[in-house]
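Everything on this sheet refers to the single structure shown next.
Below, all heavy atoms of this structure are taken into account, side chains as well, without hydrogens, waters or symmetry copies. The sequence lines fix the lettering, A, B, ..., with proteins before strands; numbering per chain opens at 1.
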Amino acid sequence: MQGRKVIITGVPGVGKTTVVNEALKKLKSEGVVYQSINFGTFMFDVAKSDNVVQDRDQMRNLDRAVQKHLQQRAAQEIAKVTGNVLIDTHASVKTPKGYLAGLPEWVLREIMPDVIVLVETDDDQILMRRLNDETRARDKEGSRAIGEHQQFNRSIAAAYAMITGCTVKIVINADFLLERAADDMANVLR
Amino acid sequence: MQGRKVIITGVPGVGKTTVVNEALKKLKSEGVVYQSINFGTFMFDVAKSDNVVQDRDQMRNLDRAVQKHLQQRAAQEIAKVTGNVLIDTHASVKTPKGYLAGLPEWVLREIMPDVIVLVETDDDQILMRRLNDETRARDKEGSRAIGEHQQFNRSIAAAYAMITGCTVKIVINADFLLERAADDMANVLR
Amino acid sequence: MQGRKVIITGVPGVGKTTVVNEALKKLKSEGVVYQSINFGTFMFDVAKSDNVVQDRDQMRNLDRAVQKHLQQRAAQEIAKVTGNVLIDTHASVKTPKGYLAGLPEWVLREIMPDVIVLVETDDDQILMRRLNDETRARDKEGSRAIGEHQQFNRSIAAAYAMITGCTVKIVINADFLLERAADDMANVLR
């Protein structure tokens, strides 16, 4: 049987991975299993096996047409995976030239996800989590900019829903309420 | 002559039908006539005549591909209707798995509406209308959740505008100002 | 070499042209050159050379199918222009029947822009600029309506990003900070 394809998104620092891992733990005991795929890593693997790049650094400097081709190839491979798949990526990526769609049309039409999850929380909570996370060097931005990014993600997710017919689920990962976020996520995946 | 296709949307409890009926009364005296179609009912009729379902309850449990096919078939039939058509549906539907596009691409490309109307009002007014309407059993949600839904509808309506070239008109149905909402709606339909 | 295609948008009165001109001055000294195209003017020129219209007034009363054809023709011609191109248009246009997509799908798929810039500022600043500009007769609207329009532009720009893979850059043109807006714009164009 064809499994479900769930795309998980959220701005950096929102705690996407933590919520997903907690949810998957809950589901495992029920016999619900998902294969986790990181879109960027998957795309690199496709690029390498297609001999387009040798190392990951080269991924950043690809010509736009090549980049697009690789995204589509990766999406086609993901579409072939059987069973339930959880795809970790971004609704949009903030770059110096502006917001870039994490799931452009040519990716969406291949994957045709069942659900896109937006993991969100209060802008200021995200700011504090970033400031307290010394393990990663992230671009500095204030909570207003974080709010703008989260809003853009909601807008672009609406466009994704129109093209694919998937649902768009907002899961709030608030401070001190991880358990609740994990429950909400598990309900989406169940 | 080909008539106009106007799609009317709004979250449950906003008073969409009341505004439309008032507007149609005004227009009737001017000789402007619209045929009203409820998208869900129309889709069920198509499904029944195609022998896909026997009763309306079966509509809720259709396979995703069948659902998509039926939506498209219904949209094709609506596109054939001559004269002015008013289509009652939702910009997005709130489900346990998240927001679902009321007008996915395969519906829009068939209908190619002239206008999509978003009937809106203050989130709290909608909450109060729902609490006071005992005739319908609706899922409970707070005014913040209603606001989120209205915002999502605006976002997805923007995507609809890009695909079809239709206009997106916001008509406010505020407490005590039904007359004004009906005038605004009539101006869209006129 | 194929140049970059940058689309500049912003609600009336936000100071789009001023920001662009300042940025282009900065870039000129660096040898970065852009050809500026006004989408509306360009479309009129195409319509005239195709003998669809004789004068600009006729552009306002075109049949929807003709309008669509002309938009697409203009976009095709813009796509052929070599070197860097800056396209001045609107993310959405406010009409009596609602918001109209400035860049419907059939335009975007031809131009395939690299960047769409949204020039924005505080709603009330835009209102004051409009009130103080006596050289243009603009439709009157309050700052809340301006805010709604700016929000709609962000939403529809997200949909544009999904279809084209372009970035969406927000450039704030705040009172007293034109220099900063011009720097931000120059960074996008550089």
Side-chain angles (χ1 to χ4, degrees), chain A residues 7 9 11 43 62-72 74-75 89-113 116 118 141-142 144-166 168, chain C residues 1-10 23 32 84 86 91-92 99 101 103-106 108-109 111-122 147-148 150-172 174 183-190:
Chain A
I7 297 180
T9 70
V11 299
M43 194 170 131
L62 295 171
D63 176 83
R64 189 176 169 186
V66 177
Q67 170 103 3
K68 187 172 168 173
H69 172 74
L70 279 180
Q71 287 175 328
Q72 191 165 15
T89 187
H90 295 283
S92 74
V93 179
K94 195 170 181 172
T95 79
K97 302 286 182 192
Y99 296 111
L100 191 67
L103 297 157
E105 190 196 8
W106 49 90
V107 168
L108 286 173
R109 291 199 191 278
E110 302 293 345
I111 300 183
M112 286 304 267
I116 295 176
L118 300 173
E141 58 177 355
R144 198 162 306 175
I146 294 170
E148 184 191 287
H149 193 177
Q150 292 203 109
Q151 190 55 58
F152 192 84
N153 284 345
R154 285 195 185 189
S155 292
I156 204 161
Y160 298 161
M162 170 189 70
I163 288 283
T164 62
C166 72
V168 172
Chain C
M1 199 202 87
Q2 190 61 20
R4 301 178 74 229
K5 305 243 179 299
V6 179
I7 296 181
I8 313 284
T9 70
V32 179
N84 296 322
L86 194 150
S92 74
Y99 296 111
L103 296 158
E105 190 196 8
W106 49 90
L108 286 173
R109 291 200 190 278
I111 300 182
M112 286 303 267
D114 295 275
V115 190
I116 295 177
V117 179
L118 299 174
V119 182
E120 293 185 359
T121 191
D122 178 77
E148 184 192 288
Q150 291 203 110
Q151 191 54 58
F152 192 84
N153 285 345
R154 285 195 185 188
S155 292
I156 204 161
Y160 298 161
M162 170 189 69
I163 288 283
T164 62
C166 72
T167 55
V168 171
K169 180 72 181 178
I170 297 169
V171 169
I172 304 296
D183 277 339
D184 288 350
M185 182 69 85
N187 283 335
V188 174
L189 299 173
R190 194 169 278 129

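Residue contact with chain A, scored on non-hydrogen atoms closer than 4.5 Å, involves the side chain of C:Val115 exclusively. No part of A:Gln71 comes within reach of chain C, as not one of its non-hydrogen atoms sits under 4.5 angstrom from that chain. The part of C:Ile170 that comes within reach of chain A is its side chain, from C-beta onward, which places non-hydrogen atoms under 4.5 angstrom from that chain. Using a 4.5 Å cut-off between heavy atoms, A:Lys94 does not touch chain C at all.
Electrostatic pairing of C:Asp114 and A:Lys97 does not count as a salt bridge here, judged by no charged N lying under 4.0 Å from a carboxylate O.
When C:Val188, C:Ile116, C:Leu118, C:Thr167 are compared by the number of non-hydrogen pairs under 4.5 Å with chain A, C:Thr167 comes out ahead.
With C:Met162 as the fixed residue, the side-chain contact (heavy atoms from CB on, under 4.5 Å) test singles out one of A:Ile163, A:Leu103, A:Val107: A:Ile163.
Of the inter-residue distances, the one linking C:Arg109 atom CZ with A:Glu105 atom CD reads 4.0 Å to the nearest 0.5 angstrom.
C:Thr164 approaches A:Arg64 most closely through the heavy-atom pair O-NH2, 2.9 Å. The minimum heavy-atom distance linking A:Phe152 with C:Arg154 is given by the pair CE1-O, 4.2 Å. Summarising the geometry of C:Ala161 relative to A:Ile156, their closest heavy-atom pair is CB-CD1, 4.1 Å, with the distance given to 0.1 Å.
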